[in-house]
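Here's the structure we're looking at; comments come further down.
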Amino acid sequence: MTKLEAKNIVKYFSHDSHKLKALGGVDLKVESGDFVCLIGPSGCGKSTFLRIVAGLEKPDEGQILFDGRPVSETGPERIMVFQEGALFPWLTVQDNVEFGLKMAGIPKEERAKISHRYLDMMQLTKFTDSYTYQLSTGMKQRVAIARALVMDPDVLLMDEPFAALDAQTRDLLLVEMQLIWEKTKKTILFVTHSVAEAAVLGTKVAVFSNRPSTIKKEVENDFPRPRVSEDESLLKFQQDLLSELRPEVKKNKQ
Ligand SMILES: Nc1ncnc2c1ncn2[C@@H]1O[C@H](COP(=O)(O)OP(=O)(O)OP(=O)(O)O)[C@@H](O)[C@H]1O
């Protein structure tokens with residue numbers, strides 16, 4: 001079943017005296033339970049596209065369909081996880097995770113029950129009463145993912161969530177992210193700069209062209225899990241992705 005569909009998404013931005021066409025007609029179909037990784041040259045519009053899917057930005061042309069219905073505003077069924085986590089420093093880990101539930105009027109006991117399930121999944125139970133400044137970047141990112149998951153969105157939109165992490169923490173989260181996806185079967189759109197991340201996580205990788213961007217190629221990825229980026233067979237897959245990307249990155253620099 002198609003969960004999400006982007007139809008001919010076009011987006012312009014004003015830059016000084018000229019108009020910059022960032023997205024030049026992006027078409028993408030995402031099936032329910034797909035884990036789609038979006039890669040492309042720097043500045044091609046991946047984040048803009050994700051923000052449009054989230055309803056945080058309006059396209060100049062085109063439509064986003066969710067379960068076949070056009071959506072243009074934000075909604076609890078499409079939740080975004082940002083690179084820096086965007087947590088509230090004045091709240092404890094548990095209160096951060098429960099924030100959306102509280103806003104939705106869920107009673108305290110029910111909130112605690114739900115949040116503990118995800119705090120446990122993200123291995124954060126020892127840190128429920130900590131404040132976010134007491135956490136490492138990797139732990140903050142786990143809190144941000146738990147905060148999104150408690151809302152039980154149909155679609156999780158992740159914008160380079162692991163970009164600020166050190167290599168070891170990122171490897172751990174790559175393993176955890178696969179487990180979470182297998183457990184929850186959420187539909188995920190995941191923007192990354194890293195072909196290794198895309199190869200390890202995605203059921204599909206969508207390669208963006210240079211600006212004005214379209215989706216140049218969609219590559220299915222049915223390698224068995226759990227995957228690690230050093231896997232021989234996955235290395236070849238990563239090479240293939242790189243050879244799709246390279247000409248776009250070159251055009252970007254011309
Ligand atoms: N609010 C804005 N105002 C003006 N220009 C913008 C705005 N947001 C994005 N842009 C421009 O649109 C283009 C696409 O930006 P975007 O951040 O979506 O690309 P990206 O592919 O996510 O980049 P990166 O890979 O470097 O994170 C860039 O040239 C950027 O400067």
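In this text the structure is predicted, and so the values were computed from the model without any measurement. Numbering of ligands and ligand atoms starts at 1, following listing order.
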Taking the six-membered ring of F88 as reference, does the NZ or CZ atom of R147 fall below 6.0 Å from its centre and within a 45° cone about the axis? yes
Counting heavy atoms only, name the option from S213, S47, S14, C44 that's nearest to atom 17 (O) of ligand 1. S47
Which residue and atom name correspond to the protein heavy atom nearest atom 26 (O) of ligand 1, and how close is it? S42 OG, 2.8 Å
Can you tell which of H193, K21, R211 gets a heavy atom nearest to atom 29 (O) of ligand 1? R211
Residues E31 and T2: side-chain donor-acceptor under 3.5 angstrom: yes
Would you say G45 and ligand 1 have an N/O pair spaced under 3.5 Å apart? yes
K183 charged N/C atom sitting above W181 aromatic ring, 6.0 Å / 45°: no
For E160, counting its heavy atoms only, list the atoms of ligand 1 lying under 4.0 Å from any of them. 27 (O)
Does ligand 1 have an atom that lies less than 4.0 angstrom from a heavy atom of H15? yes
Side chain or backbone, does L20 bring an N or O within less than 3.5 Å of an N or O on ligand 1? no
Return yes or no for this condition: an N or O of E57 is under 3.5 Å from an N or O of ligand 1. no
What protein heavy atom lies closest to atom 25 (O) of ligand 1? Include the residue and the distance to one decimal. K46 NZ, 2.8 Å
Does R51 come within less than 4.0 Å of ligand 1, judged by its heavy atoms? no
Any idea which protein heavy atom is nearest atom 3 (N) of ligand 1, and the distance to it? F13 CD2, 3.6 Å
Can you name the residues that form a side-chain hydrogen bond (donor to acceptor under 3.5 Å, both in side chains) with N221, not counting sequence neighbours? R227
Considering only protein heavy atoms, which is closest to atom 15 (O) of ligand 1, and at what distance to one decimal place? T48 OG1, 3.8 Å
With a sphere of 6.0 Å drawn around NZ of K217, does it hold more than 12 non-hydrogen atoms of other residues, nucleotides or ligands? no
Using heavy atoms and a 4.0 Å limit, tell me yes or no: is G43 in contact with ligand 1? yes
When the ring planes of F223 and F237 are compared, do they come out parallel, tilted or perpendicular, using 30° and 60° as the limits? perpendicular
